[in-house]
Amino acid sequence: MFALVAALQISAALPVDERGHLLPQDNVAAAPARIAAACPREHGELRDALLRDEARLAQRLAGTARQPDTAWLQLACLRATLFVDGATGREGLLMPLGTGWSHGAIEVLLRAIAQTPQGPTAARLLTAVALAAQQTSLPAVATFSENARGSREPLAPIANAVFAAVRAGVVDSAVYRGCTSYLLDIGDFAAARTCSSRALEHGADSTWHMLRLAYIAFHVADTLGGTRFFRD
């Protein structure tokens, strides 16, 4: 009963389709909706206004290593929104020349989580931006995986930051999925097991995480454990 209540609480804020069905959390098409939910636009700002606000805030934060969480999140939201809008990136705070808004948002979120890992909004937004940004086929979203120099964004810092948030007590279905997925991508099976185990403790996406735990068990030659997760 408690697991069911926890699962309902976690899923309450997740995006749904036009029929009210929950969108899968590894569905790339859901990422812009998740970004919009974390970063609602005030009075429907136009792109020019977002660019001005971003430049003003980035200038204020430049040269100061520690800032209130709200300041980092505000900057990350501006950049994530510009990313979804398909705006062209520009050089700025934590954004080298040739990188896009997704890179700038992720770099700011990594700093926010390093400063306060228990903040759920930063971890939730990081998983959404990283999910969308790894794709090159999503309409109206620039790619995170490639910048102007054709290089790829490293997943390890993202995986480690989301894992830090989970260890700090963040409870969120999308964060759990992102944590497990990114850690598996970088080959950290022990940490991925921790993320999925935490998710099961809170009643989040039990089937999805059971399958990942079975995969991890078989990968490390734990046949009995893998079979048990499949049967459960």
Side-chain angles (χ1 to χ4, degrees), residues 10-11 13-18 21-41 45 47 50-51 54 72-90 92 94-96 98-113 119-163 165-166 170 172-186 195 204-205 208:
I10 291 171
S11 64
L14 297 179
V16 297
D17 63 17
E18 65 277 3
H21 299 152
L22 285 174
L23 290 169
Q25 289 310 289
D26 47 1
N27 180 358
V28 178
R34 287 167 52 194
I35 292 171
C39 304
R41 291 196 187 190
E45 297 114 320
R47 183 181 295 182
L50 293 170
L51 289 167
E54 189 279 335
W72 290 123
L73 284 175
Q74 185 181 358
L75 182 59
C77 273
L78 288 166
R79 290 179 171 182
T81 303
L82 287 164
F83 163 53
V84 171
D85 276 0
T88 301
R90 64 189 179 194
L94 302 176
M95 279 185 65
T99 56
W101 291 115
S102 57
H103 176 90
I106 287 169
E107 287 297 319
V108 170
L109 290 165
L110 292 176
R111 181 164 293 194
I113 292 173
T121 303
R124 190 180 301 124
L125 183 56
L126 177 59
T127 58
V129 174
L131 174 64
Q134 288 180 78
Q135 309 302 314
T136 58
S137 59
L138 184 61
V141 175
T143 104
F144 156 69
S145 58
E146 294 187 14
N147 58 31
R149 294 184 296 273
S151 63
R152 284 199 163 268
E153 201 79 39
L155 270 180
I158 297 169
N160 293 330
V162 178
F163 185 41
V166 169
V170 171
D172 184 270
S173 179
V175 172
Y176 286 139
R177 281 202 180 202
C179 184
T180 298
S181 295
Y182 298 139
L183 287 167
L184 287 177
D185 285 342
I186 67 171
C195 289
D205 294 332
W208 193 95

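Keep in mind it's a predicted model, so treat the numbers as computed, not measured. Heads up: numbering here begins at 1 and tracks the sequence.
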- Item | Any residue meeting side-chain contact (heavy atoms from CB on, under 4.5 Å) with A76, in chain and number order, not counting sequence neighbours | V108, L109, L125

- Partners of R47 by salt bridge (charged side-chain N to carboxylate O under 4.0 Å, His left out), sequence neighbours excluded? none

- Query: Hey, what do you get for CG (L126) to CD1 (I106), rounding to the nearest 0.5 Å?
  - Reply: 6.0 Å

- Task: Check whether any side-chain heavy atom of V129 lies under 4.5 Å from a side-chain heavy atom of S102, and answer yes or no.
- Result: yes

- Heavy-atom closest pair, residues A123 and A165: CB-CB, 3.7 Å

- Item | Atom of H103, atom of P96 and distance for their closest heavy-atom approach | NE2-CD, 3.7 Å

- Message: I need the minimum non-hydrogen distance between P157 and L110, along with the two atoms involved.
- Response: O-CD2, 3.5 Å

- Item | Close side-chain approach of P32 and F83, heavy atoms under 4.5 Å | no

- Is there a donor-acceptor pair under 3.5 Å between the side chain of R79 and the backbone N or O of W101? no

- Item | Set of side-chain contact (heavy atoms from CB on, under 4.5 Å) partners for L50, sequence neighbours left out | R41, E45, L78, T81, L82, D85

- Partner set under side-chain contact (heavy atoms from CB on, under 4.5 Å) for A128, not counting sequence neighbours: R34, I35

- Note on the structure: Here the gap from D172 atom CG to C179 atom SG, rounded to the nearest 0.5 Å, amounts to 11.5 Å

- So, for I113 and A161, which heavy atoms are closest and what is the spacing to 0.1 Å? CG2-O, 3.5 Å

- Message: Any side-chain to backbone donor/acceptor pair from R90 onto L51? Under 3.5 Å, distance only.
- Response: yes

- Query: Hey, are the side chains of C39 and Q74 touching, using non-hydrogen atoms and a 4.5 Å cut-off?
  - Reply: no

- Message: Return the CG to OG distance between L155 and S181, rounded to the nearest 0.5 Å.
- Response: 10.5 Å

- Task: May I ask you to test the D205-Y176 pair for a side-chain heavy-atom distance under 4.5 Å?
- Result: no

- Side-chain donor/acceptor of T180 to backbone N/O of R177, under 3.5 Å: no

